[in-house]
Amino acid sequence: MIPGAHLPPLRAARALSARLCPSRHLYSDGSRNGGESPSDTVHINGDGVREGGEEVTGLDAGRFPREMLLRLPPPGGPPESDDDDGENFSPGHGPRRRFFEDVRLEADRIFRILLQDGPGFSARQALDEMRPKVSNALIREVLFRIVVSVDSVNRERYPKLAYKFFVWAGQQEGYRHNTSMYNVVMKVFAECGEVKAMWRLLEEMAEKGLPVSARTFHLLICSSGKVGLRRRLVERFIKLSTFRYRPFRNAFNAILHTLLTIEQYSLIEWVHEKMILEGHLPDILTYNIVMRAKYMLGKLDQFHRLLDEMGQNGFTPDLHTYNLLLHVLGKGDKPLAALNLLNYMSDVGCVPNVLHFTNLIDGLGRAGNLEACRYFFDEMVKKGCEPDVVSYTVMITSYVAAGEFEEAQRFFDDMLVRGQLPNVYTYNSMIGGLCTVGEFDKAFSMLKDMELHGCTPNFSVYSSLVSRLRNAGKDSQANNVIKYMTDKGHYLHLLSRFGGYKRC
DNA sequence: GTTCTTCCCA
């Protein structure tokens with residue numbers, strides 16, 4: 001990728017623009033074949049006026065780059081450092097490995113002891129006699145065993161066992177629980193729906209002066225179903241002097257980030273308002289998160305306002321901002337504006353990578369503009385970005401959604417040729433696509449195929465195949481699929497969802 | 001015997 005080597009607005013772009021804005025746009029008539037000075041090319045959507053009263057569904061292309069151009073540093077700014085001299089963790093040999101093997105064995109024994117606890121058997125006493133060497137690793141292993149085996153029958157008993165063990169461990173000589181260990185018990189409580197116990201645990205941490213972490217917050221917020229409770233939690237964490245929010249610069253960003261991972265967009269808005277009210281200044285991360293939330297909530301006006309405000313406050317968009325902008329432009333079916341933005345990014349030293357292209361293509365696919373998807377996919381390859389599984393899957397999914405299965409198939413074949421392994425998402429799309437063209441047998445064999453390639457189908461693959469077969473009146477084939485699934489021992493607990501199916 | 005989440009796509 002050579003910065004400054006622009007994506008060509010060529011014929012393809014002209015064709016795309018016809019879809020973008022039929023009435024007025026740069027390349028609409030052959031006579032004005034593109035004044036290509038930057039200031040011209042930003043006027044993709046005419047003069048920045050929104051189209052006739054229509055709800056603007058994408059980024060208003062006339063706005064963003066023009067204003068950004070005024071504020072952004074000149075080309076040749078700091079390039080995005082993409083150094084991934086990743087950490088080389090060795091899987092662990094020798095003593096380290098033995099340590100963990102021993103821990104696992106002890107954890108198994110302790111778990112069995114805990115299960116026997118009850119009238120006539122004191123787990124505490126048995127643990128005292130066993131005298132295991134208490135360490136964080138051991139406690140984590142034991143509690144992990146409890147977490148993964150929680151079910152509807154034991155969900156009342158297990159949290160008590162977990163806490164009993166936790167208390168016992170905390171009383172052992174030379175050992176003290178840290179935040180991380182509290183978080184693990186809290187995870188057990190969360191898994192069992194013991195919300196009150198989780199709050200008590202939080203109190204306990206406070207009493208002991210133990211710091212709480214983003215993980216603590218995450219567990220609690222996920223278990224707090226009511227809006228009021230969630231807000232109370234946020235307020236509490238913001239005020240908490242023991243809130244360890246590193247590596248974030250402030251507690252607000254740590255909270256916002258957590259809320260983003262659990263898709264709590266309205267809460268993000270609320271926290272943001274609170275943050276401003278309390279006089280805390282947002283940084284680029286804050287803007288990126290809040291803008292994403294606004295976009296997800298469909299509040300594009302506010303999205304734009306924030307983008308403007310961000311620039312006014314002297315913040316330069318980073319690669320995350322661009323990702324979001326590209327997705328918005330794609331979803332709003334504004335390929336030309338996207339093209340300009342991509343070129344602009346190269347100019348300012350933020351060279352688009354495979355993620356940027358994929359984000360854009362995903363948006364365009366959702367907008368149904370397959371022509372543009374194709375154009376940017378090709379450009380991505382030309383720019384030296386190797387398409388990965390996700391890029392291919394996005395293309396395949398878009399073609400399938402547009403009812404062009406043959407094209408999807410071509411991309412699927414192509415990815416195999418290029419050595420990209422399809423995964424569950426890819427297969428899911430392809431199987432769905434095969435169903436849409438009535439190739440049910442092929443769909444079923446692809447389902448078996450993915451298993452052979454070490455790719456376990458998820459339940460939604462099965463369920464969508466079954467319902468498509470049934471909708472096509474092919475009940476016996478649908479039953480074959482269900483039988484295949486049960487023979488594999490997959491998702492037996494979800495079998496009832498197929499309704500009416502009897503295992504023979 | 002240890003920190004653990006910077007935000008980005010299906």
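Since the model is a prediction, treat every value here as computed from it, not as a measurement. So you know, we letter chains A, B, ... as the sequences are listed, proteins then strands, and number each from 1.
Looking at residues two or more places apart in sequence or on another chain, you find no ring pair (Phe, Tyr, Trp, His ring centres under 6.0 Å) involving A/His356.
Contact annotation for A/Arg292: backbone-only contact, meaning every heavy-atom pair under 4.0 Å involves sugar-phosphate atoms and none involves a base. Using a 4.0 Å heavy-atom cutoff across all strands shown, A/His356 reaches no nucleic acid atom at all. Residue-level contact check: A/Val390 touches the bases, meaning some heavy atom is under 4.0 Å from a base atom. As judged by a 4.0 angstrom heavy-atom cut-off over every strand, A/Asp362 is placed among residues touching the sugar-phosphate backbone only.
A/His320 places its NE2 atom 13 Å from the C1' atom of B/dC9, with the value rounded to the nearest Å. Across the protein-nucleic acid pair, A/Phe357 atom CZ and B/dA10 atom P stand 18 Å apart, rounded to whole Å. Rounded to an integer number of Å, the gap from A/Phe243 CZ to B/dT5 C1' is 12 Å. Look at CZ on A/Phe248: it is 8 Å from C1' on B/dC7, rounded to the nearest Å. Straight-line distance from the CZ atom of A/Phe237 to the P atom of B/dT5: 12 Å, rounded to whole Å. The nearest whole Å value for the distance from the CG atom in A/Leu306 to the P atom in B/dC7 is 20 Å. Protein atom CZ of A/Phe376 is 18 Å distant from nucleotide atom P of B/dA10, rounded to whole Å. Protein atom CG of A/Leu319 is 15 Å distant from nucleotide atom P of B/dT6, rounded to whole Å.
For A/Phe144, the CZ atom is loosely surrounded, since the number of other residues' heavy atoms within 6.0 Å does not exceed 12.
Of the candidates B/dG1, B/dT5, B/dC7, B/dC7 carries the atom nearest the A/Asn288 side chain, counting heavy atoms from C-beta on. Closest contact between the side chain of A/Val394 and the listed nucleotides B/dA10, B/dG1, B/dT6 involves B/dA10. Checking B/dT6, B/dT3, B/dC9 against the side-chain heavy atoms of A/Pro247 singles out B/dT6 as nearest. Here B/dG1 is the nucleotide among B/dA10, B/dT5, B/dG1 with the atom lying nearest to any side-chain atom of A/Phe99. When each of B/dC9, B/dT6, B/dC4 is scored by its nearest atom to the side-chain atoms of A/Leu285, the top-ranked nucleotide is B/dT6.
One donor-acceptor pair, N or O on each side, does fall under 3.5 Å between the base of B/dT2 and the side chain of A/Arg96. Within 3.5 Å, no donor on the side chain of A/Asn428 pairs with an acceptor on the base of B/dA10, nor the reverse.
The stretch residues 444-469 of chain A has no heavy atom under 4.0 Å from DNA chain B, so no residue of it qualifies as close. For DNA chain B, the neighbouring residues in residues 253-276 of chain A, judged by any heavy atom under 4.0 Å, are A/His257, A/Leu260.
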Next on the checklist: Test ring-ring contact (aromatic ring centres under 6.0 Å, His included) on A/Tyr392 and A/Phe412; report intermediate values, then the result.
Outcome noted: CA-CA 7 Å; A/Tyr392 274 109; A/Phe412 185 76; 9.4 Å; no
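Phosphate contact (OP1/OP2 of B/dT3, side-chain N/O of A/Asn178, threshold under 4.0 Å): present. Of the side-chain N and O atoms in A/Arg140, none sit less than 4.0 angstrom from OP1 or OP2 of B/dG1. Dashed line: the shortest gap from a side-chain N or O of A/Arg98 to OP1 or OP2 of B/dG1 is not under 4.0 Å.
Using the six-membered ring where Trp is involved, A/His177 and A/Tyr182 have ring planes that are perpendicular, over 60° apart on the 30 and 60° scheme. Ring planes of A/Tyr295 and A/His327: perpendicular class, angle over 60° (limits at 30 and 60°).
Checked against a 6.0 Å centroid threshold, the rings of A/Phe377 and A/Phe411 count as neighbours.
Between A/His218 and A/Asn183, the closest side-chain pair of non-hydrogen atoms is not below 4.5 Å.
Under a cutoff of 6.0 Å and an axis angle of 45°, A/Lys448 and A/Phe444 form a cation-pi pair. A cation-pi arrangement, defined by a distance under 6.0 Å to the six-membered ring centre and an angle within 45 degrees of its axis, is present between A/Arg232 and A/Trp199.
Looking at A/Leu355, A/Val348, A/Asn353, A/Asn359 one by one, the single match for side-chain contact (heavy atoms from CB on, under 4.5 Å) with A/Tyr322 turns out to be A/Val348.
Between A/Phe459 atom CZ and A/Met485 atom CE the span is 5.5 Å, to the nearest 0.5 Å.
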